[in-house]
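Whatever order the structure lists them in is the order used to number ligands and atoms, beginning at 1. For this chain, numbers begin at 1 and follow the sequence in order.
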Amino acid sequence: MRNARFEGKVAVITGGSGGIGAAVARRLASEGAAVAIGYRGNKDAADALVDELAANGGRAIAVQADAADAEQTQALIDRVVTEFGRLDVLVSCAGIEHFDALENITPDDFDRVFAVNTRGQLFAVQHAAAHMGAGGRIVLTSSVSASKAFFGHTLYAASKAAVEAMVLNLSAELGEKGITINAIAPGGTATAMAVEYGAGYLHPELAGKTSLSDWLKTQVALKRLAEPSEVAAGYAFLASDDAAYMTGRTLQYDGGMF
Ligand SMILES: NC(=O)c1ccc[n+]([C@@H]2O[C@H](COP(=O)([O-])OP(=O)(O)OC[C@H]3O[C@@H](n4cnc5c(N)ncnc54)[C@H](OP(=O)(O)O)[C@@H]3O)[C@@H](O)[C@H]2O)c1
């Protein structure tokens with residue numbers, strides 16, 4: 001029997017065209033939510049996901065919206081409310097990676113990374129919360145990197161650490177409306193992002209001497225990357241009524257990173 005935690009609810013997922021966001025869309029839809037998938041460039045993947053969810057009996061739409069552009073985020077949220085008549089859940093997954101040494105970081109790099117990972121998540125909350133009532137659920141995305149040092153990872157880590165401070169402080173304001181806001185800090189998860197940037201997590205002394213998968217065996221209790229569906233289960237928990245008394249917190253979802 002279908003688990004119905006999200007029956008009658010409407011969820012918007014930014015960064016839903018791939019990776020963790022797509023897994024969250026599948027999970028929430030499988031539990032009854034109507035979902036809106038926000039994406040930046042991968043229209044084909046977003047459309048294919050909408051077709052997949054519809055074929056499984058779900059209701060879904062895909063909407064192009066650059067998370068770095070607050071006006072596009074507002075248009076995404078407005079479209080969801082127009083299409084489905086309400087908004088219960090925001091899951092913010094849109095994010096970009098960055099690795100570079102201090103001497104190479106430019107002001108443009110700073111603005112580009114923070115525009116998506118930090119500013120983008122704040123304005124998604126602002127626009128979504130305006131349409132939510134009591135019981136609304138907001139889940140943002142941090143990273144294990146917010147609390148663990150890696151070479152050349154300063155910009156990305158700082159952009160995610162700010163998100164943990166955002167949920168902590170916004171929980172007070174949103175609590176007045178009965179809305180919860182939390183973040184997830186995933187560890188390494190098997191997505192396109194991990195394929196492209198995973199090796200960057202190795203200490204420079206280890207570059208070329210070990211593989212990411214061997215290194216993970218020494219860094220993570222569960223000795224492997226997460227599957228996106230495993231991490232999506234954490235997002236679904238925070239987006240559900242099971243997490244009704246949890247707000248302002250960041251859930252570490254990293255397989256036990258040392
Ligand atoms: N994978 C990991 O190991 C890991 C670990 C910790 C945290 N995270 C975080 O988890 C989130 C999802 O990561 P992922 O691994 O699933 O990444 P991914 O496979 O690279 O997918 C990223 C998703 O975000 C979307 N996106 C990127 N920039 C966007 C923008 N400006 N506006 C709207 N959408 C945008 C992409 O859309 P298009 O493809 O349509 O452009 C795509 O759907 C990110 O916030 C990431 O920082 C990931």
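Close N/O approach between Gly15 and ligand 1 is found [any backbone or side-chain N/O within under 3.5 Å]. Annotation: Asp66 places an N or O atom under 3.5 Å from an N or O atom of ligand 1; distance criterion only. Considering backbone and side-chain N/O atoms, Ser143 never comes within less than 3.5 Å of an N/O atom of ligand 1. At a 3.5 angstrom cut-off on N or O pairs, Val116 does not count as close to ligand 1. Residue Thr191 has at least one N or O atom closer than 3.5 Å to an N or O atom of ligand 1. Backbone and side-chain nitrogen or oxygen atoms of Ile20 are examined, and one is located within less than 3.5 angstrom of a nitrogen or oxygen of ligand 1. By the 3.5 Å distance cut-off applied to N or O atoms, Ala67 is counted among the residues near ligand 1. Inclusion of Ile96 in the set of residues having an N or O under 3.5 Å from an N or O of ligand 1 is not warranted.
The main-chain N or O of Ala62 is never found under 3.5 Å from a side-chain atom of Lys43 such that the two would form a donor-acceptor pair. Looking at Arg40, its side chain never comes within 3.5 Å of a backbone N or O of Gly15 through a donor-acceptor pair. Panel note: side chain Thr191, backbone Ile20; no donor-acceptor pair is recorded below 3.5 Å. Side chain of Thr106 to backbone of Asp109: a donor-acceptor contact under 3.5 angstrom is found. Panel note: side chain Lys209, backbone Glu205; a donor-acceptor pair is recorded below 3.5 Å. Judged purely by atom type and a 3.5 angstrom limit, Lys177 uses its side chain to pair as donor or acceptor with the backbone of Ala129.
Pro186 O, 3.2 Å is the protein heavy atom nearest to atom 6 (C) of ligand 1. If you check which protein heavy atom lies closest to atom 2 (C) of ligand 1, you get Thr189 N, 3.6 Å. Among protein heavy atoms, the minimum distance from atom 46 (C) of ligand 1 is reached at Tyr156 OH, 3.5 Å. In terms of protein heavy atoms, atom 41 (O) of ligand 1 is closest to Arg40 NE, 2.8 Å. The closest protein non-hydrogen atom to atom 10 (O) of ligand 1 is Thr141 CG2, 3.4 Å.
When all heavy atoms of Leu53 and Ala29 are compared, the closest pair comes out as CD2-CB, 3.9 Å.
The shortest separation from a heavy atom of Gly120 to ligand 1 is not under 4.0 Å, leaving the residue out of contact. At least one heavy atom of Lys160 sits less than 4.0 Å from an atom of ligand 1. Residue-ligand proximity: Pro228 is placed with every non-hydrogen atom at 4.0 Å or more from ligand 1. Using a 4.0 Å heavy-atom cutoff, Cys93 is listed among the residues neighbouring ligand 1.
Counting only N and O atoms by type, the side chains of Thr189 and Tyr253 include no donor and acceptor under 3.5 Å apart. For the residue pair Asn117/Ser159, the side-chain donor-acceptor check at 3.5 Å is satisfied.
Close approach of ligand 1 to Gly41 is summarised as follows: ligand atoms under 4.0 Å from at least one heavy atom of the residue are 38 (P), 40 (O), 41 (O). Less than 4.0 angstrom separates some heavy atom of Ser142 from each of these atoms of ligand 1: 7 (C). Residue contact check: Ala192 has heavy atoms under 4.0 Å from atoms 19 (O) of ligand 1. Near Ala94, the atoms of ligand 1 lying under 4.0 angstrom from a non-hydrogen atom of the residue are 24 (O), 33 (C), 34 (N), 35 (C), 45 (O). Residue Tyr39 has at least one heavy-atom neighbour below 4.0 Å for each of these atoms of ligand 1: 40 (O). Atoms of ligand 1 found under 4.0 Å from any heavy atom of Ala65 (numbered from 1 in listed order, with element): 32 (N), 33 (C). Heavy-atom contacts of Gly188 reach the following atoms of ligand 1: 3 (O) (cutoff under 4.0 Å).
Counting only non-hydrogen atoms, the option in Ala25, Gly187, Ala46 that gets closest to atom 5 (C) of ligand 1 is Gly187. The heavy atom nearest to atom 39 (O) of ligand 1, considering only Ala68, Ala115, Gly95, Ser17, is found in Ser17. Nearest to atom 20 (O) of ligand 1 by heavy atom, out of Arg112, His98, Met193, is Met193.
Enclosure of atom CD in Glu83 by more than 12 non-hydrogen atoms of other residues, nucleotides or ligands within 6.0 angstrom is indicated. Atom OH of Tyr245 has 12 or fewer heavy atoms from other residues, nucleotides or ligands within 6.0 Å. Counting non-hydrogen atoms of other residues, nucleotides and ligands closer than 6.0 Å to CZ of Arg249 gives a total of 12 or fewer.
Of the charged side-chain nitrogens involved, at least one lies within less than 4.0 Å of a carboxylate oxygen, so that Arg137 and Asp241 count as a salt-bridged pair. Using a 4.0 Å cut-off between a side-chain N of Lys or Arg and a carboxylate O of Asp or Glu, Glu31 and Lys9 do not qualify as a salt bridge.
Neither the backbone nor the side chain of Ala45 has a heavy atom within less than 4.0 Å of ligand 1. Proximity of Asn42 to ligand 1, defined as any heavy-atom pair under 4.0 Å, is shared by backbone and side chain alike.
Tracing side-chain contacts under 4.5 Å through hydrophobic residues (I, L, V, M, F, W, Y), one never reaches Val139 starting from Val80; they form parts of separate clusters.
The six-membered or imidazole ring of Phe151 lies away from that of Phe99, with a centre-to-centre distance of 6.0 Å or more.
Looking only at side-chain heavy atoms (C-beta outward), Val10 and Val81 stay at 4.5 Å or farther from each other.
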